Asks: 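Structure provided below as structure tokens; questions to follow.
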Amino acid sequence: MEIVLKEKVKEAVKILYNSEVADDLIQIQETRKDFKGDFTLVVFPLLRYSKNTPEKTGETIGSYLVEKFPDIAGFNVIKGFLNLEISDVWWIEYFRRMTIEKSHLENSQVSDPETILVEYSSPNTNKPLHLGHIRNNLLGYSLFRILSACGHRVIKTNIVNDRGIHICKSMLAWQKFGNGETPASSGMKGDHLVGKYYVLFEKEYKAQIEKLIQAGTDENEAKNSAPLMKETREMLLKWEAGDKEVIDLWKKMNSWVYAGFDETYKKLGVDFDKIYYESDTYKTGKEIVLSALKKDILYRNEDSSIWADLTYDGLDQKLLLRSDGTAVYMTQDLGTAVARYNEYKFDKNIYVVGNEQNYHFQVLRAILNRMGYTWSDGLIHFSYGMVELPEGRMKSREGTIVDADDLIKEMQETAMEVSLELGKLSDFSEEEKEDVFRKIGLGALKYYILKVDPRKNMTFNPAESIDFNGNTGPFIQYTYARIKSVFRKAEQTGILTETGSLNEAKAGIKEIELIKLLRKYSETVSQAATDYSPALIANYCYDLSREYNQFYHDYSILGEDDTAVRNFRLVLSKVTSEILYEGMWLLGIEMPERM
RNA sequence: GGUUCCGUAGCUCAGUUGGAUAGAGCAACAGCCUUCUAAGCUGUGGGUCGUGAGUUCGAGUCUCACCGGAAUCACCA
């Protein structure tokens, strides 16, 4: 419609003022709600052709359009804005075509599908997942669904940080203080059990440092010479040398952690197509670095550490291999990137990683580019903001980490309380109830996180539980459940919904508003895909729910006597429910049929 | 200190390539269940869009300076 209007305006200016207008001077936008009309032409840019006041110009163009274009039912001019009113017939016909589309996302399909890797989650094997990971996982998974829905081939990957000195810490602590404790013997989830020993290590280590300092050792020396740290370093050496006992322990504890992670991932509803382990990719990284050194792309320092000089790119010197030849974080990431490209020949590799690593990814790209990997342009750091508490960052030392499993559990319990209080599910079995509570609790959590612009830092207040009213997941789920309820009732009374024939229907204001909003769905999804912003879809679903609830409140659907109008409202409800379901699905949020 | 990002109602957040009188929700207050689910709907109050300049017909949006906050600048990951 906008395109047609543009053409018409162009034609109008040509005939009325005898001038050719550049396309970008014709600005058509949706009319703001407080004004009468559907589309608005901003006339300011056209004044140079009309040589007249904004009001007069608007009037002239408006009259011309109404006369020549039957779909325009009327117009009004306010200041420099020409508001065009489109006939209800046009809107209804537009909507009718929507109902016979195969998919509501036909217009969102990209003309040139790409192979896209989305890396997300990236956990560390000595800590359970926390709120920050939840944001990461939800964003990554939603991005996968959105990009896939637009026609791309998307591969979900995860890179597990399973090697390095920090991993040895929890291993050592378990060995020394664990007394053979296992997830089975303790009843603890594997990742939490390992996390417990990591914390224990830090505690004991700290005590040893204190002791040494009191005995007169200086702080740095104490940190280095504490017995626990010495043993950890020995263990790392053994690990790198492939010592059987250490490797076995490592494997055993890893298996506990992975079982724990799997449980959390499952609860969150996310999964992966391919998991990479840093314990594998660091080797590839080393090889790449050494071969680049041979080509003089990198240089070797006196102490035989290897560096990249990125001052040309406005960056700094970056260490790639330590003087003892071991790998650093960057080495691993280089290896991972190359391994992935070799495996998938991706067009894009999207890293869902927090904005604290902006510099890291800048450097990663620069180095790969320097090494001659042309595909490095396809590496995209999807840099999302931190989740903060009202008092600032989560700190493990202060015990303010919000644990993922705890939070999910809490949300489900809250959902249960609210739901039982309302008492609408009394005829459900316990299993069915549990399923609904799960959907609602997780829906609330996921929506709460995804509705915020991913790039921005967000605040989470653990003291105030996440809401179930207003701009929330349950609100949208509720709207959906209501529509479903209408259709259940319709079925009982034998009322059918016919999508093909809407010609007889008359539409009220709310109905036209709904059609306008439904029309924006595919555009919103496209935008979300290009901007990497699930939040756009979340907020769209909210707007749509609000609009529908107003419609639902103001109009009777099944009680309407005029069958054509009743059918029209039913079809409108049906399409709304489909789009809400799909939109939320793109966010990874499930919709209960009743709640 | 360098670089990057952020600052919108008491709180949490929206605000398309610059467009009209800056919007929601929460919290507060006041209404609406004999009718399709009240997790809903309607209304009231609440703002110097961090501050100041500039660009322009027009700035929350673009530019610059300043104020405030965050991240980062490791032979940690």
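Computed from a prediction, not measured in an experiment: that's the story for all the values here. Here is the naming used below: chain letters follow the sequence lines, and residue numbers restart at 1 for every chain.
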Asks: For nucleotides B:rA77 and B:rU48, find the distance between their P atoms and express it as a whole number of Å.
Replies: 48 Å
Asks: Choose from B:rA20, B:rG15, B:rA77 the nucleotide whose nearest atom is closest to any side-chain atom of A:Phe35.
Replies: B:rA20
Asks: Can you figure out which of B:rA39, B:rC13, B:rG40 approaches the side chain of A:Phe475 most closely?
Replies: B:rG40
Asks: Hey, is A:Glu547 close enough to A:Lys33 for a salt bridge, meaning N to O under 4.0 Å?
Replies: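 Salt bridge flag = yes for A:Lys33 with A:Glu547.
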Asks: Does this structure show an ion pair linking A:Glu513 with A:Lys516, if we count only N-O contacts that are shorter than 4.0 Å?
Replies: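 Answer for the salt bridge query: yes.
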Asks: Within the pair A:Gln332 and B:rA77, is there a side-chain N or O less than 4.0 Å away from OP1 or OP2?
Replies: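 Checking B:rA77 against A:Gln332, no side-chain N or O comes under 4.0 Å of OP1 or OP2.
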Asks: Which part of the nucleic acid, if any, lies within reach of A:Thr459 when heavy atoms closer than 4.0 Å are counted: base, sugar-phosphate only, or nothing?
Replies: sugar-phosphate
Asks: At under 4.0 Å between heavy atoms, what does A:Asp453 touch on the DNA or RNA strands: base, sugar-phosphate, or nothing?
Replies: sugar-phosphate
Asks: Within the structure shown, what part of the strands sits under 4.0 Å from A:Ser419 by heavy-atom distance: base, sugar-phosphate, or nothing?
Replies: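 Here A:Ser419 touches the bases of the nucleic acid.
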Asks: Using whole Å, what does the distance between atom P of nucleotide B:rC73 and atom CD of A:Gln362 come to?
Replies: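 In whole Å, B:rC73 P lies 12 Å from A:Gln362 CD.
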Asks: Rounded to the Å, how far apart are A:Lys169 NZ and B:rA77 P?
Replies: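 To the nearest whole Å, that distance equals 10 Å.
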Asks: In whole Å, measure the gap between the P atoms of B:rA9 and B:rG23 for me.
Replies: 14 Å
Asks: Counting any heavy atom closer than 4.0 Å, what does A:Ile440 reach on the DNA or RNA strands: base, sugar-phosphate only, or nothing?
Replies: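 Answer is base: heavy atoms of A:Ile440 come under 4.0 Å of a base.
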Asks: Could you work out the separation of B:rA59 and B:rC64 based on their C1' atoms and round it to a whole Å?
Replies: 15 Å
Asks: Taking only the side-chain heavy atoms of A:Pro474 (C-beta and beyond), determine which of B:rC36, B:rA39, B:rG19 contains the nearest atom.
Replies: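 Of the options given, the side chain of A:Pro474 lies nearest B:rA39.
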Asks: Output the single nucleotide from B:rA77, B:rG40, B:rU21 whose closest atom is nearest the side chain of A:Lys79.
Replies: B:rU21
Asks: Could you give the distance separating B:rG7 and B:rG45 at their C1' atoms, to the nearest angstrom?
Replies: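 The same atom, C1', in both gives a distance of 25 Å.
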Asks: Restricting to nitrogen or oxygen on both sides, can you table the protein-nucleotides 70-72 of chain B pairs closer than 3.5 Å?
Replies:
none

Asks: Counting only heavy atoms not in A:Glu491, do more than 12 fall under 6.0 Å of its CD?
Replies: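 No, the 6.0 Å shell around CD holds no more than 12 heavy atoms from other groups.
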Asks: Rounded to whole angstroms, how far apart are NZ on A:Lys424 and P on B:rG40?
Replies: 9 Å
Asks: Nearest to the A:Arg322 side chain among B:rC76, B:rU37, B:rA20, which nucleotide is it?
Replies: B:rC76
Asks: Can you check the distance between B:rU16 and B:rC62, where both ends of the measurement are the C1' atom (answer in whole Å)?
Replies: 15 Å
Asks: Which whole-number value in Å describes the distance from A:Lys127 NZ to B:rC76 C1'?
Replies: 10 Å
Asks: To the nearest angstrom, how far is A:Ile537 atom CD1 from B:rU16 atom C1'?
Replies: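 The distance from CD1 of A:Ile537 to C1' of B:rU16 comes to 15 Å, rounded to the nearest Å.
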Asks: Between A:Val452 and A:Glu278, which residue's closest nucleotide on RNA chain B lies nearer the 5′ terminus?
Replies: A:Val452
Asks: Is it true that A:Asp453 and A:Lys456 have a side-chain N and a carboxylate O under 4.0 angstrom from each other?
Replies: no
Asks: Checking side-chain hydrogen bond (donor to acceptor under 3.5 Å, both in side chains) for the pair A:Thr326/A:Arg322: CA distance, chi angles, key distance, verdict?
Replies: CA-CA 5 Å; A:Thr326 54; A:Arg322 294 191 184 100; 3.0 Å; yes
Asks: Say we look at B:rG60 and B:rG18: how far apart would their C1' atoms be, to the nearest angstrom?
Replies: 10 Å
Asks: With a 4.5 Å limit on heavy-atom distance, are the side chains of A:Asn158 and A:Pro123 in contact?
Replies: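 SC-SC contact between A:Asn158 and A:Pro123 confirmed.
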Asks: Hydrogens and angles aside, do A:Tyr555 and A:Gln550 bring a side-chain donor and acceptor to less than 3.5 Å of each other?
Replies: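 On atom types as modelled, these side chains do not qualify, holding no pair under 3.5 Å.
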Asks: Would you list the protein and nucleotides 22-24 of chain B atom pairs, both N or O, that sit under 3.5 Å from each other?
Replies:
from: B:rG23; atom 1: OP1; to: A:Arg32; atom 2: NH2; distance (Å): 2.9
from: B:rA24; atom 1: O2'; to: A:Tyr542; atom 2: OH; distance (Å): 2.6

Asks: Can you check whether A:Lys456 has a side-chain N or O nearer than 4.0 Å to OP1 or OP2 of B:rU12?
Replies: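 So the side-chain polar atoms of A:Lys456 never come under 4.0 Å of the phosphate oxygens OP1 or OP2 of B:rU12.
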Asks: Give the rounded distance in Å between these two atoms: NZ of A:Lys56 and P of B:rC57.
Replies: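 Atom-to-atom, A:Lys56 to B:rC57, this comes out as 24 Å.
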Asks: Choosing from B:rU37, B:rA20, B:rA39, which nucleotide comes nearest the side chain of A:Met595?
Replies: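 Selected nucleotide (nearest to the side chain): B:rA39.
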Asks: For B:rC29 and B:rG15, measure between their C1' atoms and round to the nearest Å.
Replies: 28 Å
Asks: Which comes earlier along RNA chain B counting from the 5' end, the contact point of A:Val436 or that of A:Gln527, where each point is its nearest nucleotide?
Replies: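 The answer here is A:Gln527.
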Asks: Nearest whole angstrom, please: distance from the P of B:rA39 to the OH of A:Tyr447.
Replies: 18 Å
Asks: Do A:Tyr447 and A:Asn471 pass the side-chain hydrogen bond (donor to acceptor under 3.5 Å, both in side chains) test, and can you show the C-alpha distance, the side-chain angles, and the key distance before you say yes or no?
Replies: CA-CA 9 Å; A:Tyr447 185 85; A:Asn471 188 355; 2.6 Å; yes
Asks: Name the nucleic acid region contacted by A:Asn83, choosing base, sugar-phosphate or nothing; use a 4.0 angstrom heavy-atom cut-off, strictly under.
Replies: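 Counting heavy atoms under 4.0 Å across all strands, the contact made by A:Asn83 includes a base.
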Asks: Check whether any side-chain N or O of A:Arg482 sits under 4.0 Å from OP1 or OP2 of B:rA38, and answer yes or no.
Replies: yes
Asks: Does A:Tyr478 stack onto the base of B:rG40, taking stacking as ring centres under 5.5 Å apart and planes under 30° apart?
Replies: no
Asks: Kindly express the pairing pattern of RNA chain B in dot-bracket notation, using | wherever a base pairs with another strand and counting only Watson-Crick or G-U pairs under 3.5 Å.
Replies: (((((((..((((.....[...)))).(((((.......))))).....(((((..]....))))))))))))....
Asks: Verify side-chain hydrogen bond (donor to acceptor under 3.5 Å, both in side chains) between A:Tyr548 and A:Ser577, making sure each step is shown before the conclusion.
Replies: CA-CA 10 Å; A:Tyr548 183 83; A:Ser577 73; over 6 Å; no
Asks: Are A:Arg594 and A:Glu432 ion-paired here, with the side-chain N under 4.0 Å from a carboxylate O?
Replies: no
Asks: Do the side chains of A:Glu202 and A:Lys206 get close enough for a salt bridge, i.e. N-O under 4.0 angstrom?
Replies: no
Asks: Go through the side-chain N and O atoms of A:Asn358 and A:Ser383 and say whether any donor and acceptor fall under 3.5 Å apart.
Replies: yes
Asks: Ignoring the backbone of A:Phe81, work out which of B:rU37, B:rG19, B:rG40 is nearest its side chain.
Replies: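 Output: B:rG19.
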Asks: Please classify the nucleic acid contact of A:Thr40 as base, sugar-phosphate, or nothing, using heavy-atom distances under 4.0 Å.
Replies: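 Answer is base: heavy atoms of A:Thr40 come under 4.0 Å of a base.
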Asks: Once you apply a heavy-atom cut-off of 4.0 Å, does A:Tyr282 come out as touching a base, just sugar-phosphate, or nothing?
Replies: nothing
Asks: With A:Val257 as reference, evaluate A:Thr125, A:Asn126, A:Asp162 under the side chain to side chain contact (heavy atoms under 4.5 Å, CB included) test and give the passing residue.
Replies: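 Going through the options one by one, the only one that passes is A:Thr125.
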Asks: Before accepting this row, confirm whether a basic side-chain N of the pair A:Asp435/A:Lys439 lies closer than 4.0 Å to the acidic partner's carboxylate O.
Replies: yes
Asks: When the P atoms of B:rU8 and B:rU51 are compared, how many Å lie between them, rounded to an integer?
Replies: 10 Å
Asks: To the nearest Å, how far apart are A:Ile78 CD1 and B:rG19 P?
Replies: 18 Å
Asks: Would you call A:Glu356-A:Arg393 a salt bridge at under 4.0 Å N-O?
Replies: yes
Asks: Among B:rA77, B:rA39, B:rU37, which is the nearest nucleotide to the side chain of A:Phe468?
Replies: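 Nearest nucleotide to the side chain: B:rA39.
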